[in-house]
Amino acid sequence: MITEHKGARHPGLVQLITPDGERVSHPEYDPWVQDVGDDQLVGLYTDMVIVRRIDTEATALQRQGELALWPPLLGQEAAQVGSARVVRTEDFIFSSYRENGVAWCRGVELPDIIRMWRGNAASGWDPYTVNMAAPQIIIGAQTLHATGYAMGIQFDGADTAAITYFGDGATSQGDVNEALVFAASFQVPVVFFCQNNHWAISEPVALQAHTRIADRAPGFGIPSMQVDGNDVLAVMAATRIAMDRARRGGGPTFIEAVTYRMGPHTTADDPTRYRDPNELEDWAAKDPLKRVKALLERKGLLTDQLLDEVEGKANDVARQLRKACVEMPDPAPSDVFRHVYSTPNTWLDRQEEHYSRYLASLGDPAAANQAEGATR
Amino acid sequence: MSATMIKEFRLPDLGEGLTESEILNWRVNVGDTVTLNQVIAEVETAKAVVELPSPFAGVVTALHESPGTVVEVGKPIVSFEVPDDGGTQPSANGTGAAADEAAGAEANPANGSAKREPNLVGYGAMVEHSGRPQRRRRAGIAPAVPAAPVAPEATASTSAAEPAERPRSTPPVRKLARDLGVDLASVAGSGDRGLITREDVLGAAGKASESGTAAPSDGQRETRTPIKGVRKATASAMVASAFTAPHVTEFLTVDVTPAMEFLDRLRSGKEFAGVKLTPLTLVARAVLIALKRNPALNSAWDEAGQEIIQFNYVNLGIAAATPRGLLVPNIKDADALSFQDLAEALAGLAETARAGKTSPAQLSGGTISITNIGVFGIDAGTPILNPGEAAILAVGAVRRMPWEYRGKVKLRQVLTLSLSFDHRLVDGEQGSRFLAEVGRLLADPALALTMA
């Protein structure tokens, strides 16, 4: 019943909210978001404003020397919030490093979101507390993890699903192609959620994809959808369709959410060196927050009180994030040995013992800290 | 009114492992009240131009660096007066702690000024310019302590207790000292951290280098010379050329054994007796022949007139290292010269230039240039165009190298040609064809019969 393109069919980009904030109907996708009333819409808007605020605060913290690095998600709020909000608690998420908005929706604590970016820990959180794996830095590797996890779901006969987030550049990776082959071969309950943000660091998407990214999946025997990734409702509908199919034993689905990375690749990148400023201007007109705000205005819901409330919430979150960041205690020197093996290991124990003896030989704790810093 | 305190903001590592950044401009002045995350400056790193958001809400009390300054990571760049609210502002190990660390560093006389700040983002960025923590020095340079990081205090004390250290120098200079009978222990090093340089050894041997650039004996560590004359002209010409003409450089390595054999035959014959014939003579001739067939390389871009000038003559420039600096005198109407006249003009040009007698007329009006880097034993380079010209050819050294010759590996005489051209005027096809033709003429000089 849902329009998909296997091969030559190109139904075009699915959109439920236009950039001007007009709600357009779509017979196949509308039923999947009919439960989204005014309150839910305000909730989604609040989420997106908060996620953007987290992102800008973390970017500022990096510029102030409090984070080592940060991958901004500016412009991708709808793609992340819209999808993450419809993933069930018992489903499992495998993301890349840019899905900090997904992590926030998932209930990851603020300090845990930034812990790794501060260089404070190898990973921010225990994946099983929130059913979301630690962000994968290796491009596309998480698609294999998700596929493997989904094979496990299949073995268990559970009615859950896995969803994996990656970018347009990752679709060129071997890992992603292997994951697609495996997922199709075993018809496992996994959703491939590709945020096509148009730039693989400095390479434009058109260089790596001579067809639409969504058109690649049918070649693997996986149905795909292409939705406006800056349209939170279209993203929600598509994600629900795909997750529902996965849970019912229908196999994998590929979603291409067409969005735009409005900031740099990371705080160490300068997009003005490779990107036409006109392009940014075009996409600013399609801003995901702007259009929900416009929709709320059309519906008469956009009051000053609401705006103040949302801004207040976002500022609170930003304050908490900053406080958590600058007050985060340094890890102990021996923490480096903690998460290497899950079971005792005599080699590692010996190394730790040598290291602690070495630190002790330095006498004062300041020297120990110094040594620890230098060995990092 | 609540108490206030001064907070310093130290330049963080804004990329991944960067050591310094340039302050482009300040967006605030001393006395301004700023809010948290207000943009206070624009900074350029090796990777990006970024805006610096203020880490504090308060009043700017000092801007420690002026725009245009390159600042090392970890150096204070701005100070703020902020309310003393019991230390909720920033981190225990971020910028705040860095200031405390700095105080500790100053208390340690052996450690000098700059040291790596163990703040969050400073680890990857080694202070490169001066005053490295002593623990980072290698054995032989600094005292023989373990390479592993230890407390600076420990290193400092070891330093004093280690008198019998080998004087710091480099292997070639040690050999020079041995050859000249100079005891390095008696020489005061003038180089970086007391490194004994070639000049120090020559000075000690009473044979101070004739070059005026040797370190003065009064212990001055650097010599400052005003930028003027040929150096200034060369600098502005190179900058103008490099940043107006989009350069492309192509390389071609050629088996020039036939050309060298040909040269030998010419030298031993009677016809050119007394004429100085060098590989450069043949290269120049090959350039002139190939230029006839590829005139685009003998042209100029007239920005003011919005015209392309095609020269129907060749004024062949030859770059020459002279006591005054780099000069590029040219041979007028080189394309009209006979082989013998060309060879004599080349020899004369170099002699005149080295004698410092090159006339201004010889320096102007060039249409294409050759630079003979082979005389310095160099193989290839990316020459910068003489301003106003469309191409420059760098001629590398002729070397005997294993080379494929008639299906076998033989020792052949091989030379690399490096051609830079102005991509506004010359397309890759034209440039490539020209370079290939010069190469073919050197690989098989008899081809000149078919091309000239």
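In what follows, every heavy atom counts, from backbone to side chain, and hydrogens, waters and symmetry copies are set aside.
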Counting heavy atoms not belonging to [X], are there more than 12 under 6.0 Å from its [atom1]?
X       : atom1 : result
E311(A) : CD    : no
I138(A) : CD1   : no
H354(A) : NE2   : yes
N25(B)  : CG    : yes
E109(A) : CD    : no

Subject >> Contact summary for G65(A) and P12(B), nearest pair of heavy atoms >> reply: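 In terms of heavy atoms, the two residues are closest at CA-CB, 3.3 Å.
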Straight-line distance of [X] [atom1] to [Y] [atom2], nearest 0.5 Å:
X      : Y      : atom1 : atom2 : result
T59(A) : E51(B) : OG1   : CD    : 12.0 Å
L36(B) : Q64(A) : CG    : CD    : 6.0 Å
N37(B) : E57(A) : CG    : CD    : 4.5 Å

Original post:
So what's closer than 4.5 Å to chain A heavy atoms on Q38(B): side chain, backbone, both or neither?
Top reply: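 Q38(B) has no heavy atom closer than 4.5 Å to chain A.
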